[in-house]
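Below is one structure, written out as structure tokens; comments come after it.
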Amino acid sequence: MDDDSGMRLSRLRKATLPLLATLLLAALLFATLPLGRAAGQTPDGHASAAGAPATALEVYAARLEAVAATYPQIPSILSDAFARPNGREAAVHPLRLLRGLLILFAAGTAALLLTNRVLAGPLRKLEADGGAPLLTGALRFVLGLVPVGAFALGVLVVYAIVRPAHPAAPAVLLALLQAALTVLLTDRLIRFLCAPRHPGLRLIPLEDADARALHRTGVVTVTLAATVLGLVDLLLALGVGGNAIVAIGLPLSTVPFLYLLYRVWRGRAPVARAIARPLGVEAKDHPTLGLWSVVASVYLVALWLVVAAAAVRLEPATGPRMLASLLVALAVPAIALMAQRPLARFYRGEETEAGKAAVARVMRALWSALFVVGVFATAAIWGFRVEQASGATGIALRLLFNVTVVLLLGYVAWTMVVRAIDRALEGARHDGVSSRGQRLATLLPLLRKFLQVVLVVILVMIVLSSLGIEIGPLLAGAGVVGIAIGLGAQSTIADILAGVFFLLEDAFHMGDYVEVGNLRGTVEGISLRSLKLRHHRGAVHTLPFGQIKALTNYSRDWALMRLEFRVPPETDMGLVKKLVKEVGKDLSADPEMGPSFIEPLKSQGVRRVEDDAVIIGVKFITKPNEQFVIRREAYHRLIHAFQAHGIHLVGRGVVVRVDDPEAANRIIGFAAAQAMNGGPKETGTGG
């Protein structure tokens, strides 16, 4: 029962988070809707009838009434605009204007098609070369901009040839170019991202049908919005303004929103699958993923209300802001999906459950961060600046934006940094015999600690700044405290700096056998301040870097080992050399010790002569840290070989030589006489 309650609670939480985020968006968007008029005035600039301040609802109600009252006058307003543009210019015949626009558009289209035909060969060659998908796609995008420029050039050339004398002609030309270039650039950008006909160049991981649907949705939406904006600009160029522009443009502005709502609900299942794929889940197992369509619908409805409110207030640049908001709405999921492929490539090989879970966590954090950024970006387009918000609401919104985005993106960055360092450490362990691998194994853990500290400090500073706390004095105070601490901890700072230079000079690695003064051991740990050595008997020595005056490393490149044997002077040195050579061959042929040899056992002959022995030397060269095991085995085999051939080792005791052959008998007799003389005395004494 408890498990079922926990599952229901988890599902409820997952379902409410998107809705809460959408409500936040609506609150931010409606927070951008000022009255636009002074209190106590109607939209027409007159004081309210009762003399009391007008509320926001009264202002918008009055404006909507004025716009609605304009609809019966629209035919006469348009007729007057064409008969006398801007109230003072020559008449413009609608059919003649339409014909001129069609001629300009046809000229631009012809230039575009001709350029596409010329570039078809280079584009096919570029695709056949089989280069990197990102580079090939970028080159295709750059080449695709050439036809767009050709379109603009064709329009301008025909316009220059015709040279229309009407004063409104430049404004009409500008309206046409803005609308057409917006659509063409959007088409090229979406083709670069989803490559509907070239799956190998696709940056967003989608199926062919989904890629085509995304391209079609983006282009149609921008075309509808750009057409509305172009028509509004054209009417403005003819002198139509005020309530008539609102009455015409407001209904038309619903067309791109209605189309997007239609596409959202028709494609809710494919998009849910596309979202679920990078999250490592199945869309059918997580019905809450289908709520994306609800979130998108609320977003679009709220955005259209903001557009309508801005249009009713006759705010300038309402159309471009609407188009920018729609592009933000399309860009957020596109960026999130586009990040999936490099992230999957970065985590390549993580086919375990833990690896898949890590990728899913990173993608969830990325989706959340991009959604919050999209919400606040849309609010910023409509004039709401979170950094300028005041009061408790402003602090809460700054905290929500800065802390949420920074924490989420910080989590993504930290996860990827840790993964990159762990991967490098794994490679260093596999390649532990190389100098580079050992150096990486030494430095990367320290780098991870340093980056962790830096990231935490940055996050704390951003959170404090979001709370309205001035971090400048804090940084200054921290600098003063740092100076005081530095003066009081000079030895610690000296240890840290010495450690940095030791690491930069590559003096030792993890696992090296080193000697520092009277201490020896294997490097077991390296921190910013000290070095830990593990003695072969188990003791751990901690040495501050500042106290290390000289360090001897026995684990670098190669190790030379010398052995000495004390043999009698009459030993056959030729036999010794032969035995050493045979033992050296046996050790080199050993499957365990043979690969460790750089140079096999070699006899060095007589190294020195003492009173009672001859010292012979044997040497060999091995890889680092392998010499001790080989030395033990070499001693064992050489001693056994010497004994088998009658070569006995001479100890370091004192040997007395007497040339008298009867000396031994005399010594025995003397000892016996002493024993007999001492016996009665001991007996008598005892009696």
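Enclosure of atom NE2 in H535 by more than 12 non-hydrogen atoms of other residues, nucleotides or ligands within 6.0 angstrom is indicated. Counting non-hydrogen atoms of neighbouring residues, nucleotides and ligands closer than 6.0 angstrom, the CZ atom of R607 exceeds 12 such neighbours.
Interatomic distance, CZ of R188 versus CD1 of I190, reported as 11.5 Å (0.5 Å rounding). Rounding to the nearest 0.5 Å places NE2 of H648 at 7.5 Å from CD of Q643. Atoms CD1 and CG, on I639 and L649 in that order, are 6.0 Å from each other to the nearest 0.5 Å. Note that the CG atom of D512 and the OG1 atom of T552 stand 12.5 Å from one another [nearest 0.5 Å]. Taken from CG in L638 to NE2 in H640, the straight-line distance is 11.0 Å, to the nearest 0.5 Å. Taking CD1 from I647 and CD1 from I616, the interatomic distance works out to 7.0 Å, rounded to the nearest 0.5 Å.
With a 4.5 Å cut-off on side-chain heavy atoms, K578 and E582 count as touching. Side-chain contact between F597 and E626 is absent, with no heavy-atom pair separated by less than 4.5 Å. K619 is listed as a side-chain neighbour of L560, based on a closest heavy-atom distance under 4.5 Å. Proximity of T542 to L531: side-chain heavy atoms (C-beta onward) are nowhere separated by under 4.5 Å. Contact annotation: the side chain of V567 never approaches that of V576 to less than 4.5 Å [non-hydrogen atoms, C-beta and beyond]. Looking only at side-chain heavy atoms (C-beta outward), R140 and F192 stay at 4.5 Å or farther from each other.
Residues P569 and V614 come closest through the heavy atom pair CA-CG2, 3.5 Å. Taking every heavy atom of both residues into account, A559 and K623 meet most closely at CB-O, 4.4 Å. Nearest heavy atoms, G584 versus L601: CA-CB, 3.8 Å. Contact detail for A550 and V516: the closest heavy-atom pair is O-CG1, 3.9 Å. In plain terms, the two heavy atoms of P600 and S588 that are nearest each other are CB-OG, 3.6 Å. Closest approach of P568 and V650 over heavy atoms only: N-CG2, 3.5 Å.
Looking at E610 and R608, a side-chain N of the basic residue comes within less than 4.0 Å of a carboxylate O on the acidic one, giving a salt bridge.
Between F642 and F565, the angle of the ring planes goes over 60°, which puts this pair in the perpendicular group of the 30/60° scheme.
Each of L579, V580, L587 was scored for a side-chain contact (heavy atoms from CB on, under 4.5 Å) with R637, with one residue passing: L587.
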